[in-house]
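For reference, the structure discussed in these notes is given below.
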Amino acid sequence: MEPTREQKIWQVVLAVPEGRVVSYGQVADMAGLGRQARFVGRALGKLPAGHSVPWFRVIRTNGQIAFPQGSEAFARQKNLLEKEGIEVINGRVPMGRFRWTP
DNA sequence: AGTCTGACTCGAG
DNA sequence: GCTCGAGCCAGAC
């Protein structure tokens, strides 16, 4: 069977190296989806159990984490990012230094 | 089948 | 730099 859009997205996310982040729109573009950034968010929400996809390296184009500040998911993502040396300030990441470009 | 919603983005004020 | 409105697509009701 052909790769679905979700699988392409997961593939792109898997290609993101440690210590780097990408925006949803960037992932969508690299996966050949154009500007459908929302689809990326939904695809990540559908991740199967036992996956090895670094979903936490995917953030908004302005550097802000996609979850509401204070939520569990937010705390989890922030923790994982800082663990890789990515600075998270006030719920945001300085995109200028950590943004991944192929 | 119609409407609403969401892990988004962009342009304008 | 922030807020608001519109555009997008698939899934849930």
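We name chains A, B, ... by the order of the sequence lines, and we start the count at 1 in each one. In this text the structure is predicted, and so the values were computed from the model without any measurement.
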side-chain contact (heavy atoms from CB on, under 4.5 Å) between Arg76(A) and Ser71(A), worked out: CA-CA 9 Å; Arg76(A) 191 158 51 244; Ser71(A) 66; over 6 Å; no

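- Proximity of Glu87(A) to Glu82(A): side-chain heavy atoms (C-beta onward) are nowhere separated by under 4.5 Å.
- When rounded to the nearest whole Å, the span between CZ of Arg57(A) and C1' of dA7(B) equals 17 Å.
- For Glu84(A) and Arg20(A), the salt-bridge test fails: no basic side-chain N is under 4.0 Å from an acidic carboxylate O.
- Gln64(A) has its CD atom 10 Å from the P atom of dC8(B), to the nearest Å.
- Summarising the geometry, atom CD belonging to Gln77(A) is positioned 9.5 Å from atom CD1 belonging to Ile86(A); distances are rounded to the nearest 0.5 Å.
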Under 4.0 Å protein heavy-atom contacts per nucleotide of nucleotides 1-13 of chain C, with B for base, S for backbone only and - for none: -S----BBBBS--

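- dC8(B) atom C1' lies 15 Å from atom CD1 of Ile65(A), rounded to whole Å.
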Step-by-step side-chain contact (heavy atoms from CB on, under 4.5 Å) determination, Val21(A) to Val16(A): CA-CA 7 Å; Val21(A) 295; Val16(A) 180; over 6 Å; no

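- Between the CZ atom of Phe56(A) and the NZ atom of Lys78(A) there is a distance of 14.5 Å, given to the nearest 0.5 Å.
- Distance, Asn62(A) CG to dG11(B) C1': 15 Å, rounded to whole Å.
- A cation-pi arrangement is absent between Arg38(A) and Tyr24(A) under the rule of less than 6.0 angstrom and at most 45 degrees off the ring axis.
- Residues from residues 19-26 of chain A with heavy atoms under 4.0 angstrom of DNA chain B, sorted by number: Ser23(A), Tyr24(A), Gly25(A).
- Residues Pro17(A) and Trp100(A) meet the side-chain proximity criterion, which asks for heavy atoms closer than 4.5 Å.
- The interatomic distance linking Asp29(A) (CG) with dC8(B) (C1') rounds to 14 Å, in whole Å.
- Contact check for Gln69(A) versus Asn90(A): side-chain heavy atoms found under the 4.5 Å cut-off.
- For Phe67(A) and dA7(B), the CZ to P distance is 8 Å, given to the nearest whole Å.
- Computed from coordinates, the Ile9(A) CD1 to dC8(B) P distance equals 13 Å when rounded to whole Å.
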Base-pair map of DNA chain C as dot-bracket, where | denotes pairing with a different strand and pairs are Watson-Crick or G-U under 3.5 Å: .||||||.|||||

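- Remark: Gln11(A) CD is loosely packed, at most 12 non-hydrogen atoms of other residues, nucleotides or ligands lying under 6.0 Å away.
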Ser23(A) and Ile59(A): CA distance, side-chain angles, deciding distance, side-chain contact (heavy atoms from CB on, under 4.5 Å) verdict: CA-CA 5 Å; Ser23(A) 69; Ile59(A) 58 182; 5.6 Å; no

